[in-house]
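Down below is the structure, laid out as structure tokens.
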Amino acid sequence: MKFSYNLIQSHVAKSLPPAEKLAELLTMHSFEVEGVEKVKDDYILTIDILPNRAHDCLSHIGIAREAAAVTGLALKQIPSIVGKLPSSSKSLKNLEVKVEDINLCSRYTAMVMADVEVGPSPQWLRNYLEVLGMRPINNIVDAANFVMLETGQPLHAFDFDKLSGGDKKTLIVRSAKNGEPITTLDNQALLLPESALVIANEEGVLAVAGIKGGKKAEIDGGTHNIVLESANFDSASIRKTSRATGISTDASYRFEHTVPPAFALWALEQVADLITDIAKGKKGPILDTAPQNVRPRTVAMSEARMQSLLGADIKFAQAAETLKKLGFDVEKRNAQVLKVGVPVFRPDVELEADLIEEVGRIYGYENIKAQVPIAELALPPKNEEHDWEKIAKNNIRGIGAVEVYTYSFISDRQKAAWGYGDLIELENPMSAEFAYLRPSIVPHIVEAAEGNLRYFSSVRLFEIGKVFELPFKEHSALAMVIASRATQEPQFFELKGIVMAFLESLGISDVWFDDALKTKEESGVEFLHPARRAQIKVGPVDGSEVIGWIGEVHPRVLSDLKLKGEYGAAELDFYKIVKLAQEERVYTPPSKYPAVVRDIAVLVPRQSKVEWVIQKIEAIGGALVQDIDLFDMYEGEHLDNPTKSLAFHIVFQSDDRTLTSEEIDDIMAKIYYMVEGEGWEVRK
Amino acid sequence: MKDLQEYKQQLVREIDSKKTLHDLEELYRTHLGRKGELAVELKNLSSLSPEERKQRGAELNSVKTDLEAVFSMKSAELRINEQSDQLEREWIDVTAPGMRQVRGHLNPLTHIALEIEQIFSSMGFGVAEGPEIENEWYNFDALNIPADHPARDMWDTFWLKPESQKSKVKSQKLLLRTHTSPVQIRYMESHKPPFRIIAPGKVFRHEATDASHGFQLFQVEGLMVDKNISVANFRAVMGQFFQQIFGNKQIQMRLRPSYFPFVEPGFEMDITCIICNGKGCSVCAQGGWVEIGGAGMVHPKVLDAVQLNPNEWQGFAFGLGMDRIAMMKYKVNDIRLLYSGDVRLIKQF
């Protein structure tokens with residue numbers, strides 16, 4: 001909000017420091033001053049008034065009060081907001097106001113002024129409006145705007161004679177009918193929503209309450225008599241209508257932030273005085289639908305509490321002085337407690353902490369010296385999942401992967417290409433590119449990988465983050481993507497190696513890859529190459545747990561998304577990984593006896609799986625087979641009878657003795673026999 | 001009969017002339033080998049008289065011992081020469097590149113998160129986490145931001161489509177958390193004070209993006225609640241933190257009054273601009289200070305909301321943008337680069 005340095009000065013008894021200095025003081029003690037700009041012979045301060053101080057500081061008087069407090073200067077006498085209520089009545093000879101719902105309009109004050117001379121405002125007034133970015137219109141409208149800038153109370157003026165109803169006019173404060181029309185002062189034709197609060201008479205809507213006036217009773221050159229409105233409208237209602245109509249004005253902004261009801265009469269009297277002054281109007285009696293003299297709230301503040309919360313040795317006398325400058329009534333209850341009367345313009349002050357803040361900020365947070373806290377020497381609480389995440393990231397990095405962060409949203413285009421079903425959808429996405437919450441991290445990493453293939457022939461990327469699924473579930477996932485411009489080797493094995501190395505690094509064993517994915521439901525990974533994908537499982541075949549999936553990205557997905565290159569992708573459920581990693585490790589001492597290695601090459605049909613062959617050998621070899629290691633695999637050339645040759649190192653070892661070559665020959669013979677029995681061939 | 005002294009002198013000259021171990025060994029075999037010349041001489045002793053035999057035998061032995069010593073010295077000398085030749089032949093160009101190893105990299109944001117965590121952990125702060133999908137209660141109401149309050153406008157929120165909601169949570173609307181502050185509430189609800197935690201995590205803001213604003217960002221929340229925690233304590237903890245994270249003892253923090261509904265008093269934290277060390281530059285708009293986050297003393301209504309007695313417990317809370325810290329520390333000039341997955345950037349970390 002913009003403020004005039006000269007107008008602030010007009011409320012302060014002695015000269016304020018220069019504008020830049022004042023701005024700095026306000027920034028350090030009150031609000032952030034975002035800019036100071038010289039305009040004509042004035043300085044305009046742009047101040048960021050936050051919602052808690054909008055009640056009193058969307059006004060020059062409010063800022064002047066702060067300026068006085070932060071500079072230590074005295075404020076000039078301003079008309080009292082509370083005090084003896086002037087005489088008023090709920091209805092006048094020539095005006096009646098009907099408020100349909102007192103919850104939406106807690107107070108409506110008004111005055112009829114006769115014989116005004118509408119014309120241009122005096123130069124000083126035009127000047128203030130212009131430097132503050134408002135267009136001068138005529139002395140009546142300008143006076144209303146000026147008093148709003150001074151007090152924070154929005155005001156409105158109607159042309160008395162344009163209202164229907166002879167000598168006695170009626171104004172009705174009510175909700176609009178759905179689609180009720182109004183033409184606003186700036187010639188905008190509106191159809192109002194049902195919830196909009198309006199000022200109307202029998203003939204229709206005169207103004208959108210607290211937001212914008214209507215053309216019908218506009219003040220113009222022919223105006224002689226006016227109705228001044230100074231009312232209090234409900235903030236939530238104004239906020240809603242402002243949203244619905246898309247109209248936001250200086251008035252609606254103030255009402256949205258709640259204007260204290262006491263301001264209504266206070267501002268009405270000021271604007272009437274000003275109009276008398278500059279437009280020669282004659283003041284009439286005051287109409288007030290809810291005359292009230294609000295008793296100020298009292299809040300107690302203890303010295304001990306204040307010192308303990310701020311951590312500064314501020315004395316009560318100083319605190320009391322500060323509060324008085326800010327307009328609070330201070331009464332010392334006893335040596336330890338101050339009783340503080342909160343002025344009506346500070347509805348934000350409800351609690352002791354609020355008062356402590358007032359004292360603290362004027363004292364200056366810069367003057368509070370740092371003090372190392374005194375607290376129990378306690379170990380920070382452990383967060384195992386978080387700790388494992390750090391370990392996991394480090395370990396994957398060790399396998400040569402680069403960590404990325406991508407967006408948590410995916411687009412319609414990605415959803416369709418990857419074949420996802422229903423996803424959690426945003427009500428107000430940034431754009432169609434970010435319409436859904438991601439069910440997997442992989443789609444974005446694949447696209448990030450492609451971007452990198454412009455600079456690198458291959459990349460390994462990973463990310464750990466949340467993924468989302470209906471109904472509103474989220475869990476941590478670890479995704480890895482490897483990408484190459486072109487490869488001869490299947491990407492699958494490189495990625496499988498990475499996944500295995502990673503799982504081993506966390507001490508997770510008993511991992512196997514299940515390719516038995518038949519239906520879509522079983523797999524959920526239709527975006528993977530159907531002949532090069534698997535579920536990653538842990539544990540015995542019966543009763544194993546799926547911890548993720550792995551595969552090469554389906555060529556169809558890549559062509560749909562116009563992605564060049566080849567991609568292997570895997571995603572693991574990170575919660576499950578953590579649980580498995582947490583299992584205790586127990587040391588197994590290495591055998592003291594020598595290991596014996598025998599090699600075997602087996603010729604099998606191309607479709608036979610390495611895993612089968614290994615399992616068969618293990619079954620025959622029994623406990624003495626310590627490891628079976630595939631060291632060579634190649635596929636035969638026969639088209640009609642495609643085969644592959646598998647060569648294994650078989651490692652024999654016992655924990656309690658040195659094995660004899662006869663023993664091993666015996667087992668090898670059984671393995672040869674088994675191989676022949678399977679219809680495979682031992683290559684010698 | 002051979003003149004042994006002449007023989008010795010001649011042989012010593014010969015030994016000295018040998019250039020390779022191989023030639024030397026050959027010479028040794030010819031003279032001192034099993035069938036070498038000295039062996040022959042020894043054998044010939046038997047044809048001498050006992051008197052002569054004794055004398056010549058002693059002479060032979062002495063010559064042999066001397067020659068052995070000469071051979072051994074020459075052999076050591078040649079061995080050293082040969083080894084050094086060998087080493088010379090094994091010369092390699094050490095300026096040629098090493099064998100390439102695959103090396104991974106952590107994202108700069110992760111480095112920042114780890115450092116933040118390490119600093120706070122050394123001061124006894126643990127790490128707490130919470131969900132990214134939140135409901136209105138945790139994201140707003142419990143933090144003293146009631147519905148229809150203009151303060152809600154301070155957080156531009158992503159809402160989830162209600163059609164797809166079958167939420168059982170008291171008809172609460174679901175949203176993506178706009179700050180990490182809900183973690184404070186969740187943690188205080190489920191633990192007993194005193195509290196000393198940080199809560200790093202992803203948050204979402206429905207804001208137009210530019211070089212310094214993203215709609216998805218990382219924040220770290222901090223909370224310290226005990227019997228007597230004050231603004232002065234907050235200054236000490238954060239002062240330490242900023243000096244540590246930027247590795248610069250000159251970094252100062254200043255607090256300006258501000259408003260966040262869940263703290264009272266509330267502050268805006270500024271730190272010395274690390275680009276110009278507070279002298280004033282384009283990054284800090286010549287002011288010498290840059291905004292780094294919000295903070296304050298936990299609002300009594302927030303303590304109420306988690307059933308803690310505000311007269312018994314007090315403390316501070318703060319929120320920092322990790323992206324911003326990463327940008328400042330590593331001089332990354334566009335926040336979007338951190339989310340681009342560009343390996344050319346990440347591999348520098």
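Proteins get letters first, then strands, A, B, ... in listed order; numbering begins at 1 in each.
Of the two parts of B/Ala285, neither the backbone nor the side chain holds a non-hydrogen atom closer than 4.5 Å to a non-hydrogen atom of chain A. Neither the backbone nor the side chain of B/Phe195 comes within less than 4.5 Å of any heavy atom of chain A. Heavy atoms of A/Glu350 lying under 4.5 Å from chain B belong exclusively to its side chain. B/Gln252 does not touch chain A: none of its heavy atoms, backbone or side chain, sits under 4.5 Å away. In this structure, chain A has no heavy atom under 4.5 Å from any part of B/Met123. The parts of B/Pro131 that come within reach of chain A are both its backbone and its side chain, each placing non-hydrogen atoms under 4.5 angstrom from that chain. Within the 4.5 angstrom heavy-atom criterion, only side-chain atoms of A/Arg243, from C-beta onward, approach chain B. Of the atoms belonging to B/Phe267, it is side-chain heavy atoms, and not backbone ones, that fall under 4.5 Å from chain A. Using a 4.5 Å cut-off between heavy atoms, B/Arg103 contacts chain A through its backbone alone, with no side-chain atom that close. With a 4.5 Å cut-off on non-hydrogen atoms, A/Leu461 touches chain B through its side chain but not through its backbone. Heavy atoms of A/Glu463 lying under 4.5 Å from chain B belong exclusively to its side chain. For B/His299, the part sitting under 4.5 Å from any heavy atom of chain A is the side chain, from C-beta outward, and nothing else. Residue A/Arg53 does not touch chain B at all, counting heavy-atom pairs closer than 4.5 Å. B/Leu338 touches chain A through its backbone: at least one of N, CA, C or O sits under 4.5 Å from a heavy atom, while the side chain does not.
Nearest heavy-atom pair, A/Ser30 versus B/Pro257, reported as atom, atom and distance to 0.1 Å: N-CG, 3.5 Å. Contact detail for B/Val102 and A/Arg460: the closest heavy-atom pair is CG1-NH1, 4.0 Å. The two residues A/Thr27 and B/Arg256 have their closest heavy-atom pair at CG2-CD, 3.3 Å. Of all non-hydrogen atoms in B/Pro265 and A/Glu357, the two that sit nearest each other are CA-OE2, 3.2 Å.
There is a side-chain donor-acceptor pair under 3.5 Å between A/Ser308 and B/Gln314.
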Side-chain donor/acceptor pairs under 3.5 Å, residues 362-375 of chain A, sequence neighbours excluded:
residue  : atom : partner  : partner atom : Å
A/Glu366 : OE2  : B/Arg235 : NH1          : 3.2
A/Glu366 : OE2  : B/Leu255 : N            : 3.0
A/Asn367 : ND2  : A/Tyr363 : O            : 2.7

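Of all the listed residues (B/Phe158, B/Tyr259, B/Phe349), the one sharing the greatest number of non-hydrogen pairs under 4.5 Å with chain A is B/Tyr259. When the candidates A/Thr406, A/Ile396, A/Asn394 are compared by the number of heavy-atom contacts under 4.5 Å with chain B, A/Thr406 comes out ahead. Chosen from A/Asn52, A/Leu50, A/Val404, the residue pairing most often with chain B at heavy-atom distances under 4.5 Å is A/Asn52. Chosen from B/Met297, B/Met253, B/Arg254, the residue pairing most often with chain A at heavy-atom distances under 4.5 Å is B/Arg254. Taking B/Gly126, B/Pro108, B/Gly296, B/Ala147 one by one and counting their heavy-atom pairs under 4.5 Å with chain A, the maximum is reached by B/Gly126. Interface remark: of the candidates B/Ile197, B/Leu176, B/Asp226, B/Leu176 forms the most heavy-atom pairs closer than 4.5 Å to chain A. When the candidates B/Ala113, B/Ala232, B/Ser230 are compared by the number of heavy-atom contacts under 4.5 Å with chain A, B/Ala232 comes out ahead. Of the listed residues (A/Met28, A/Met430, A/Glu256), the greatest number of heavy-atom pairs within a distance under 4.5 Å of chain B belongs to A/Met430. Of all the listed residues (B/Lys202, B/Glu268, B/Gln240), the one sharing the greatest number of non-hydrogen pairs under 4.5 Å with chain A is B/Lys202. The greatest number of non-hydrogen atom pairs below 4.5 Å with chain B, out of A/Ala54, A/Ala312, A/Gly360, A/Pro429, is found for A/Pro429. The greatest number of non-hydrogen atom pairs below 4.5 Å with chain B, out of A/Ile356, A/Asp354, A/Asp48, is found for A/Asp354. Chain B forms more heavy-atom pairs under 4.5 Å with one residue of A/Arg361, A/His257, A/Lys240 than with any other, namely A/His257.
Evaluation of the ring pair (Phe, Tyr, Trp, His ring centres under 6.0 Å) test over residues 102-124 of chain B, restricted to residues two or more places apart or in two chains, returns B/Phe120-B/Phe125, B/Phe120-B/Phe241, B/Phe120-B/Phe318.
Taking the six-membered ring for Trp and the full ring otherwise, A/Phe434 and B/Phe215 have centroids separated by under 6.0 Å.
When side chains are defined from C-beta on, B/Lys347 counts as touching A/Phe456, because their heavy atoms get closer than 4.5 Å. The side-chain heavy atoms of B/Gln216 and A/Phe409, taken from C-beta on, include a pair separated by under 4.5 Å. Contact annotation: the side chain of A/Lys390 approaches that of B/Glu117 to within less than 4.5 Å [non-hydrogen atoms, C-beta and beyond]. A/Tyr405 places a side-chain heavy atom less than 4.5 Å from the side chain of B/Leu109. Side-chain contact between B/Pro310 and A/Leu351 is absent, with no heavy atoms from C-beta onward closer than 4.5 Å. Between A/Asn428 and B/Thr157, every side-chain heavy-atom pair lies at or beyond the 4.5 Å cut-off. At a threshold of 4.5 Å between non-hydrogen side-chain atoms, the residues A/Leu426 and B/Trp159 do not count as touching. Annotation: side chain of A/Val402 is not in contact with side chain of B/Leu106 (no heavy-atom distance under 4.5 Å).
Remark: B/Arg344 qualifies as a cation-pi partner of A/Tyr455 under the 6.0 Å distance and 45° angle criteria applied to the six-membered ring.
More than 12 heavy atoms of other shown residues, nucleotides or ligands fall within 6.0 angstrom of atom CG in B/Asp156.
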Report task. Could you please spell out the steps behind the salt bridge (Lys or Arg N to Asp or Glu O under 4.0 Å) verdict for B/Glu129 and A/Lys466? Result -> CA-CA 12 Å; B/Glu129 286 164 303; A/Lys466 292 283 178 70; over 6 Å; no

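One finds no salt bridge joining A/Glu376 and B/Lys227 here, because no Lys/Arg side-chain nitrogen approaches an Asp/Glu carboxylate oxygen to under 4.0 Å.
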